[in-house]
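See structure below.
Along the sequence shown, the residues carry numbers beginning at 1. Remember, it's 1-based here, ligands and their atoms both numbered in the order they're listed.
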Amino acid sequence: MTHKIKPILATVLPCYNEEEVLEKTYTELDNYYKELIQNGIIDEKSIIFFVDDGSSDATWSLIKQFSQESKHIKGLKLSRNQGHQIALLAGMQAVYGRCDCMVSIDADLQQDYRAIEKMLNRYKEGYEIVLGIRNDRESDNFFKRFTAESYYKLMHLMGVDIEFNHADYRLLSNRALGYFLEFQERNLFIRGVVKLIGLPTAKVYFDVKEREAGESKYTIKKMLAFAWEGITSFSVIPLKLITIVGFLIFIFSIGAGLDVLYTVFFTNDAIPGWASTVLPMYFMGGIELLALGVIGEYIGKIYTEVKRRPHYFIEEEIL
Ligand code: UDP
Ligand code: MG
């Protein structure tokens with residue numbers, strides 16, 4: 001099955017305190033849209049959808065201003081900061097049914113937006129999902145590159161199927177988007193969920209630039225929370241590890257117990273041991289707390305899932 005030659009495209013950009021880059025992002029993307037429309041690549045009803053993730057700066061007033069200058073600009077403002085994944089979800093929900101396909105991209109346009117055309121080509125060939133894969137990580141500092149790459153390896157070890165060097169830059173057909181929105185989970189790790197959809201998937205390679213203005217909105221705390229979300233939402237291996245560690249310790253303690261009996265009955269150097277009493281206490285205490293902690297993390301997730309709280313509230317909308 002092939003798709004429309006001239007689809008209505010919706011590009012969704014989550015923005016958190018992006019007043020410094022937004023003007024440039026808007027100008028570049030709006031011009032790019034004009035170019036794509038002129039060349040008959042997308043329909044003129046295509047939209048650029050900004051999601052203001054509860055910013056405290058001028059982000060929302062800029063978006064409103066852009067929407068008066070260009071008919072392609074639409075957007076919404078969340079009532080408070082919910083994080084990148086939820087902001088993206090809000091945008092995806094808003095454009096669903098209003099477009100033939102959607103692309104998500106960061107508001108700082110670090111990802112080369114010109115790859116959108118390549119994504120559209122694959123879409124037109126009939127692909128429902130097109131993943132943007134970054135060519136290299138040269139624009140990242142050592143820390144970001146190292147943590148990102150170790151993370152992919154860790155995810156792999158945990159049995160989670162994610163695409164190497166693919167972030168949230170991707171195209172989804174309206175059908176794939178609809179399937180995506182059927183996932184009701186509160187703890188959201190979008191790239192993992194997209195993998196679960198199936199449907200014909202293609203890849204497109206693109207370059208990453210350095211952020212041109214403003215700072216990264218992913219603080220270390222947000223990054224760690226995101227990484228942990230990815231593992232605990234898609235893998236139960238941490239729970240299995242507890243069982244394995246517990247089993248190994250059990251075997252070890254039987255061995256140690258036999259050794260103690262042997263020392264008591266068959267040798268004369270049974271020292272009333274401090275170490276043999278106190279060390280295992282610390283050891284077991286540590287392991288038990290670790291195990292409880294991991295179980296607690298999963299129970300915490302169950303807790304947030306069963307509450308079924310709304311992901312976000314929309315404060316204002318430009319439709
Ligand atoms: N972002 C968001 N809410 C947040 C944090 C980030 O919507 O709480 C957006 C941000 O505005 C940007 C995208 O998520 O469009 C990626 O963030 P950023 O570029 O700061 O991350 P980095 O590229 O440094 O990983
Ligand atoms: Mg960025």
Side-chain angles (χ1 to χ4, degrees), residues 10-29 48-63 66 73 75-95 102-113 115-116 132-152 162-170 186-191 206-230 311-316:
T11 302
V12 177
L13 303 98
C15 323
Y16 179 53
N17 291 341
E18 296 286 11
E19 63 180 7
E20 283 155 289
V21 290
L22 224 52
E23 185 87 47
K24 190 163 187 291
T25 300
Y26 154 66
T27 320
E28 290 197 19
L29 213 54
I48 300 173
F49 200 95
F50 289 102
V51 180
D52 176 0
D53 185 15
S55 302
S56 52
D57 66 358
T59 297
W60 182 242
S61 54
L62 284 172
I63 297 170
F66 303 154
I73 306 297
L76 60 80
K77 173 180 170 51
L78 297 184
S79 60
R80 55 176 290 243
N81 180 235
Q82 297 283 11
H84 173 225
Q85 299 287 290
I86 299 291
L88 188 50
L89 172 75
M92 291 163 90
Q93 238 146 10
V95 300
M102 62 134 320
V103 168
S104 49
I105 190 168
D106 289 351
D108 53 15
L109 291 190
Q110 273 187 284
Q111 296 130 320
D112 178 16
Y113 60 86
I116 291 179
I133 313 279
R134 54 193 297 168
N135 281 328
D136 57 58
R137 288 194 163 264
E138 259 160 42
S139 64
D140 281 356
N141 60 31
F142 172 77
F143 177 73
K144 187 122 192 176
R145 198 178 332 164
F146 176 75
T147 47
E149 278 169 7
S150 327
Y151 183 59
Y152 285 108
I162 57 167
E163 200 64 46
F164 190 64
N165 275 346
H166 164 63
D168 283 304
Y169 183 24
R170 75 176 73 79
R186 307 292 105 175
N187 299 292
L188 194 61
F189 188 64
I190 296 180
R191 66 192 74 167
F206 69 89
D207 290 323
V208 184
K209 291 185 294 184
E210 265 172 63
R211 199 181 234 279
E212 304 206 349
E215 284 165 7
S216 172
K217 303 299 177 295
Y218 262 97
T219 53
I220 301 224
K221 199 173 147 216
K222 277 188 174 162
M223 253 167 63
L224 286 177
F226 182 61
W228 185 240
E229 189 70 56
H311 278 116
Y312 56 84
F313 293 112
I314 298 173
E315 193 176 314
E316 275 181 69

Subject >> Centroid-centroid under 6.0 Å between F206 and Y113 rings >> reply: no
Subject >> Under the ring-ring contact (aromatic ring centres under 6.0 Å, His included) test, residues paired with F66 that sit two or more places apart >> reply: Y26
Starting from the N and O atoms of ligand 1, collect every protein N/O partner closer than 3.5 Å and put each pair on its own line with the distance to 0.1 Å.
residue  : atom   : partner : partner atom : Å
ligand 1 : 3 (N)  : D53     : OD2          : 2.6
ligand 1 : 3 (N)  : H84     : N            : 3.3
ligand 1 : 8 (O)  : D53     : OD2          : 3.4
ligand 1 : 8 (O)  : N81     : ND2          : 3.2
ligand 1 : 8 (O)  : K222    : NZ           : 2.7
ligand 1 : 11 (O) : P14     : O            : 3.4
ligand 1 : 11 (O) : Y16     : N            : 2.9
ligand 1 : 11 (O) : E18     : OE2          : 2.6
ligand 1 : 15 (O) : P14     : O            : 2.7
ligand 1 : 15 (O) : A107    : N            : 2.8
ligand 1 : 19 (O) : D108    : OD2          : 2.6
ligand 1 : 19 (O) : R211    : NH2          : 2.9
ligand 1 : 20 (O) : R211    : NH2          : 3.0
ligand 1 : 20 (O) : K217    : N            : 2.4
ligand 1 : 23 (O) : Q110    : OE1          : 2.8
ligand 1 : 24 (O) : K144    : NZ           : 3.4
ligand 1 : 24 (O) : S216    : OG           : 2.6
ligand 1 : 25 (O) : K144    : NZ           : 2.8

Original post:
Would one find more than 12 heavy atoms of other residues, nucleotides or ligands at under 6.0 Å from atom CZ of F164?
Top reply: yes
Subject >> Salt bridge present between R170 and D168 (N-O < 4.0 angstrom) >> reply: yes
Original post:
Between K24 and E28, is there a side-chain N and carboxylate O pair less than 4.0 Å apart?
Top reply: yes
Subject >> N-O pairing of E18 and R211 below 4.0 Å >> reply: yes
**OP:** Applying ring-ring contact (aromatic ring centres under 6.0 Å, His included), name anything that partners F143, two or more places apart in sequence or on another chain.
**Re:** none
**OP:** Check the Mg ion (ligand 2) and write out every protein N, O or S atom at under 2.8 Å, as residue and atom.
**Re:** D108 OD2, Q110 OE1
Original post:
Less than 6.0 Å separating the ring centroids of Y218 and H84?
Top reply: yes
Original post:
Is any side-chain heavy atom of V12 less than 4.5 Å from a side-chain heavy atom of V51?
Top reply: yes
